[in-house]
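Note that the structure is predicted; figures quoted are calculated from it, not measured. Each chain gets a letter, A, B and so on, in the order the sequences are listed, and its residues count up from 1.
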Amino acid sequence: MNVVSRGIRNAFRNVIRTFSIVIILGLSIGLSLTMLIAHQAVGDKIQSIKASVGNTVSISPAGARGFEGGGNPLTAANLNSVKSLPHVLSNVATLSDRLTSSNSSLQSAIDAGALGKRFSQNSGFVFHAQTGEAIGVGGPGGGGSFSFTPPVTVTGTNAPTNLSAGPLGGGGTFTLKSGSVFSANSTADVALVSTSIASKNNLKVGSSFTAYNTAVQVVGIFDAGNTFSNNQVILPLATEQNLSSQTGDLTSITLNVDSISNVSTVTSAASKALGSSADVTNAASDAQTTITPLQNIQSISLYSLIGAVIAGAIIILLTMIMIVRERRREIGVIKAIGGSNVKVMGQFMVEAVTFTFMAAVIGIGLGVLAGNPITRLLVNNSSSSASVATPFGGGGGRVLRAGGHGFGALRNNFSNIHAIIGWNIILYGLAAALIIAIVGSGLASLFIAKIRPAEVMRVE
Amino acid sequence: MLEVKKIKRLFKSGDLQVAAVNGVSFSVPDGQFASIVGRSGSGKSTLLSLLGALDKPTSGSIKVDGEDITQLNDHSLIRYRCQKIGFVFQSYNLVPNLTAAENVMLPMEFAGVGAKERQERAVTLLQQVGLTENEIGRKPGRLSGGQQQRVAIARALANKPKLILADEPTGNLDSQTGKMIFDLLHGLAKSEKTTIIVVTHDLEIAGKTDRAFQLKDGKLQEKK
């Protein structure tokens, strides 16, 4: 029998009280762990979203996105004014255009369908029934029958080795299937064509097609992973500018920034440098809109975690004060027969630790069981709010954006949150129990120290 | 040898100072059995607290084997109580969730006695005060008042103290059991050569001790 074994035995002196304390404390520790699990899961998801967004700033001509809107193209001077801004590591400049039967031998890999026809009507242009060539200005309900074949997108780029990050529109992922990629500064009349275009037009590496009345040789065939992205051809930037008679013109610039924390700074600097001639955006702002509800959950879970730990400490504190008051005489007797303050305090601290470790077992069990469901509940509620609060999407299916991640894609992350409950969580639970026990029994120890052994004689 | 010289213990009561013990002096040689009688509120328990180093006198000195315990610091006082004093209380004050043997082992644990030795000594002491093997393993709640007081006496003897202080040791017992306890203490004083001071209001018991003192209004008078 020593201080430790006496402390443990004392924890079971009143079984009903011990059971009640352990259950209440267990709930408190369980809530702490659940909130810790939610906090970690949401934190991991925020990091994951930030990482998936990438450190990029997108620059488009003012008033234009892809093939929608209007205004004037960006220029080489615009590129020069932003490519050397602080924190900018590299850039991807592109010039996008459309190839139709009037300027190319290529046939589109996509059928118009009902959506294509509707988009065509609403775009204000009417295309020739057989050729797909624009033949006049129309409008919704403009009358007359026509058919529409979606044009082939042609993109000139100065970054052929980084196609997934910039020029490849529609969220596609570039995979070279055959041939090779042209060099960044190439001026040759060469192209990369998608598997769909190659198949539709019977093209192979080495064969040629006509674009802008010029023969262009296929040097590589790629797969972009989706139908929309596979309806395109990629040329060297200089070649596209030359063939389309748009020397020096650009339709987009993507700046790669050294850190996501500097994206906002670079966005501001680029806006300042380009003035009203360009629209400067970054995916991080979309991501921020998406992760704000997650950050709110993170804050709520953190406050709840702190609250639950404090509640646990108060429970054990009040319990220990009650027990010390109840055993005042016993403490006096122990001191009278030679027990020091340290030994008596140690005995009560062991008792408090025993309570909290029993509660920790219950709390860890609750945390493991409730961690995922509560995290999902919090996130789903927040996801609903976010959907209502932010009605603007990523700008339409035909917009070419860096990284290809729209707001909708980010929002989908909400449903993929999964809390991982590992040994670290259990260790945190035990550590929380120990902290609660020490904090909770600390004040009680002061009461013990103040009890004078003479008091045991006075009550005789 | 216990030597008490002019000890005073003053308490504040509002603006007044009340002397619970007022200039008490006496001495008791080793192995003597002395009693202090007095009415309730006469200062008996306060005097016992001072002798047992549970409280400090306002003035005066208390020497046990030549060592003035009023000059000891808190750490030394704990050691003094542990090694030189044994207490027996009116209501026994045993720890309720420990067995009789564990209660007796408690002061030995505080004194740093090894586990095996304290187990053996606890059994010996409990047998000496008349507990059976079965009773030794019982918790206080399953022992009679007399048996509990025997355990308390065994606990007081655990560290072979120079002085045993007993505060109304028979106060909660019937007369027959009280007499048995008194005889036990008397016998121990002789066999263990331990000085025993008993505070009581029972004049019959006081009449049987080697020496008897009366405490009245904080002043001590020897009656026998």
With a 4.5 angstrom heavy-atom cut-off, which part of B:Arg79 approaches chain A: side chain, backbone, both or neither?
neither
Has A:Arg17 got its NZ or CZ under 6.0 Å from the middle of the six-membered ring of A:Phe19, at an angle within 45 degrees of the ring axis?
no
With only heavy atoms counted, which part of B:Ile85 is less than 4.5 Å from chain A, the side chain, the backbone, both or neither?
neither
Measure B:Lys56 against the heavy atoms of chain A and call it side chain, backbone, both or neither at under 4.5 Å.
neither
Of the listed residues (B:Ala111, B:Pro96, B:Ala115, B:Pro161), which shares the most heavy-atom pairs with chain A below a 4.5 Å separation?
B:Pro96
Using the side chain to side chain contact (heavy atoms under 4.5 Å, CB included) rule, take A:Lys335 and A:Arg452 through it: C-alpha gap first, then chi angles, then the decisive distance, then the call.
CA-CA 8 Å; A:Lys335 286 186 176 183; A:Arg452 298 189 63 80; over 6 Å; no
With rounding to the nearest 0.5 angstrom, report the CD to CZ distance, A:Glu326 to A:Arg13.
8.0 Å
What I'd like to find out is whether the side chain of B:Leu215 reaches to under 4.5 Å of the side chain of B:Lys219, using heavy atoms alone.
no
